[in-house]
Asker: 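Below is the structure I would like to discuss, written out as structure tokens.
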Amino acid sequence: MSKKLVVVILLLLSLSAQSQIREILEAAKPKKAFEGTPVLQKKSQILSVSAGTPNKVSNFLDFGGIAPVLFNTSTKKSVGPFMLDYEYLVNDNFGLGLSLLYASGEQTYSSSLFSDSYTGSINQFQIGLSSYYHIYTTDKLDPYVKGTVGLNLWNGSYKDNNGNEIPGKTFTAPTPFGLRTLIGLRYFAGKNFAITGEGNFTVLPKPAVTANIGVAMKLK
């Protein structure tokens, strides 16, 4: 199966999942319309900062494909993912925005067959365009569905104990394309401050399910 066909299939599955989530939230929508002043309306602007778990970027490190064969122990370290999001509401229910993501991972390879150990490291920076659909908004709650399409910038290497890059073991970057869809909820504890929680399904660079938690500030 070609990579293009796989991408198309994953994209369709993502859109289907997002549509199903939206239908579920629509079904849970209060029967009686909110009669007060919603905390978010047309032209509102929101800045959000969040952190996610688990971090799986180190799974892209395979030491040139020989790690499962030659190494029997390994340790992993990770940072992030951290997200910074900006949203502008085009109307009361639909918003557009910019999303930044950063994550890094490190994996140490060792084996009883070798006296030396080796370390692989990877950094991911993603910039994407996001669309938001707000199911309903009250003066406190804001449930929404979000989709992000973006580009990944990767940096990685394999080094020995002395910090020297290992000949013949060059880092191969994963796909440069990013695709995420999620369901989120903001709870406004104040007029301009909210706590956020999100369930995130990543389609590209690799299918994964994560959870994000963070804070949001209403700028306008």
Side-chain angles (χ1 to χ4, degrees), residues 14 17-18 21-22 24-26 28-30 34 36-58 76-106 122-153 178-206 208-220:
S14 173
Q18 186 172 355
I21 292 173
R22 178 172 168 174
I24 293 173
L25 289 179
E26 285 284 4
K29 189 174 181 178
F34 179 67
T37 301
V39 66
L40 297 179
Q41 301 180 69
K42 181 180 179 180
K43 296 185 179 181
S44 290
Q45 300 178 44
I46 308 98
L47 185 67
S48 304
V49 179
S50 61
T53 186
N55 181 328
K56 297 184 177 181
V57 295
S58 61
K76 293 183 179 181
K77 297 180 181 179
S78 61
V79 175
F82 298 114
M83 283 73 68
L84 177 65
D85 295 278
Y86 168 80
E87 179 191 2
Y88 175 82
L89 270 74
V90 179
N91 57 42
D92 291 346
N93 299 104
F94 182 74
L96 295 174
L98 180 69
S99 178
L100 303 178
L101 178 149
Y102 173 77
S104 67
E106 182 178 289
I122 182 174
N123 294 281
Q124 176 193 14
F125 179 78
Q126 183 185 102
I127 180 170
L129 298 176
S130 300
S131 63
Y132 298 76
Y133 178 76
H134 300 263
I135 306 302
Y136 64 90
T137 304
T138 69
D139 57 348
K140 296 290 185 183
L141 296 177
D142 172 38
Y144 56 90
V145 177
K146 173 185 172 185
T148 299
V149 177
L151 293 175
N152 294 308
L153 302 177
L179 178 59
R180 294 180 286 136
T181 182
L182 61 81
I183 176 175
L185 177 66
R186 296 187 183 114
Y187 173 75
F188 280 85
K191 182 178 179 181
N192 298 312
F193 176 80
I195 300 171
T196 65
E198 297 175 335
N200 186 3
F201 175 58
T202 297
V203 181
L204 295 173
K206 189 175 184 179
V209 177
T210 59
N212 311 329
I213 187 169
V215 295
M217 182 69 65
K218 180 182 175 184
L219 304 178
K220 183 178 179 181

Asker: Looking at every non-hydrogen atom in both residues, tell me the closest pair between L84 and L47 and how far apart they are.
Answerer: CD1-CD1, 4.0 Å
Asker: Can you name the nearest heavy-atom pair linking P205 to N152, along with the distance?
Answerer: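 Reported closest heavy-atom pair: CD-ND2, 3.9 Å.
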Asker: How long is the gap from OG1 on T53 to CG on N200, to the nearest 0.5 Å?
Answerer: 12.0 Å
Asker: Flag the pair Y144 / I135 as yes when at least one side-chain heavy-atom distance between them is below 4.5 Å, and no otherwise.
Answerer: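 No, their side chains stay 4.5 Å or more apart.
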Asker: For the CG atom of L151 and the CG atom of L129, what is their distance to the nearest 0.5 Å?
Answerer: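 Output value for this atom pair is 9.0 Å.
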Asker: Side chains of Y102 and Q126, heavy atoms from C-beta outward: is any pair under 4.5 Å?
Answerer: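 SC-SC contact between Y102 and Q126 ruled out.
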Asker: Evaluate the criterion side-chain contact (heavy atoms from CB on, under 4.5 Å) for residue pair L100 and F82; output intermediate values, then yes/no.
Answerer: CA-CA 8 Å; L100 303 178; F82 298 114; over 6 Å; no
Asker: Take M217 and F193 through the side-chain contact (heavy atoms from CB on, under 4.5 Å) test and state the conclusion after the steps.
Answerer: CA-CA 5 Å; M217 182 69 65; F193 176 80; 4.3 Å; yes
Asker: What heavy-atom pair brings P81 and P54 nearest, and what distance separates the two atoms?
Answerer: CD-O, 4.4 Å
Asker: I would like to know whether L182 and V145 meet side-chain contact (heavy atoms from CB on, under 4.5 Å); could you show each step before the answer?
Answerer: CA-CA 6 Å; L182 61 81; V145 177; over 6 Å; no
Asker: What is the distance from atom CD of E198 to atom OG1 of T181, rounded to the nearest 0.5 Å?
Answerer: 10.5 Å
Asker: Indicate yes or no: at least one non-hydrogen side-chain atom of Y132 is less than 4.5 angstrom from one of L40.
Answerer: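 The answer is no, as the side chains (C-beta and beyond) never meet within the 4.5 Å cut-off.
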Asker: Please report the closest heavy-atom contact between S48 and I46, naming both atoms and the distance.
Answerer: OG-CG2, 3.9 Å
Asker: Would you indicate whether the side-chain heavy atoms of V39 and K140 approach each other to under 4.5 Å?
Answerer: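 Side-chain contact under 4.5 Å: no.
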Asker: Output the distance between atom CG (L185) and atom CG (D142), rounded to the nearest 0.5 Å.
Answerer: 7.5 Å
Asker: Of all heavy-atom pairs between S50 and N212, which one has the smallest distance, and what is that distance?
Answerer: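 Shortest heavy-atom separation between S50 and N212 comes out as OG-CB, 4.2 Å.
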Asker: Output yes when R186 and E87 qualify as a salt bridge under the 4.0 Å nitrogen-oxygen rule, no when they do not.
Answerer: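 Salt bridge between R186 and E87, a charged N being under 4.0 Å from a carboxylate O: yes.
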Asker: Between H134 and D92, does the side chain to side chain donor-acceptor pair (under 3.5 Å) criterion hold? Intermediate values first, please.
Answerer: CA-CA 8 Å; H134 300 263; D92 291 346; over 6 Å; no
Asker: Could you tell me the separation between the CG atom of L89 and the CZ atom of F94, rounded to the nearest 0.5 Å?
Answerer: 9.5 Å
Asker: How far does OG1 of T196 sit from CE of M83, to the nearest 0.5 angstrom?
Answerer: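 One finds 8.5 Å between OG1 of T196 and CE of M83.
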Asker: Any idea which heavy atoms bring S104 and N123 closest together, and the distance?
Answerer: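 Minimum heavy-atom contact is CB-OD1, 3.2 Å.
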Asker: So, do F188 and D139 sit near enough that their side-chain heavy atoms are less than 4.5 Å apart?
Answerer: no
Asker: Could you walk me through whether Y88 and L96 satisfy the side-chain contact (heavy atoms from CB on, under 4.5 Å) test, starting with their C-alpha distance in whole Å, then the side-chain angles of each, then the deciding distance to 0.1 Å, before giving a yes or no?
Answerer: CA-CA 5 Å; Y88 175 82; L96 295 174; 5.8 Å; no
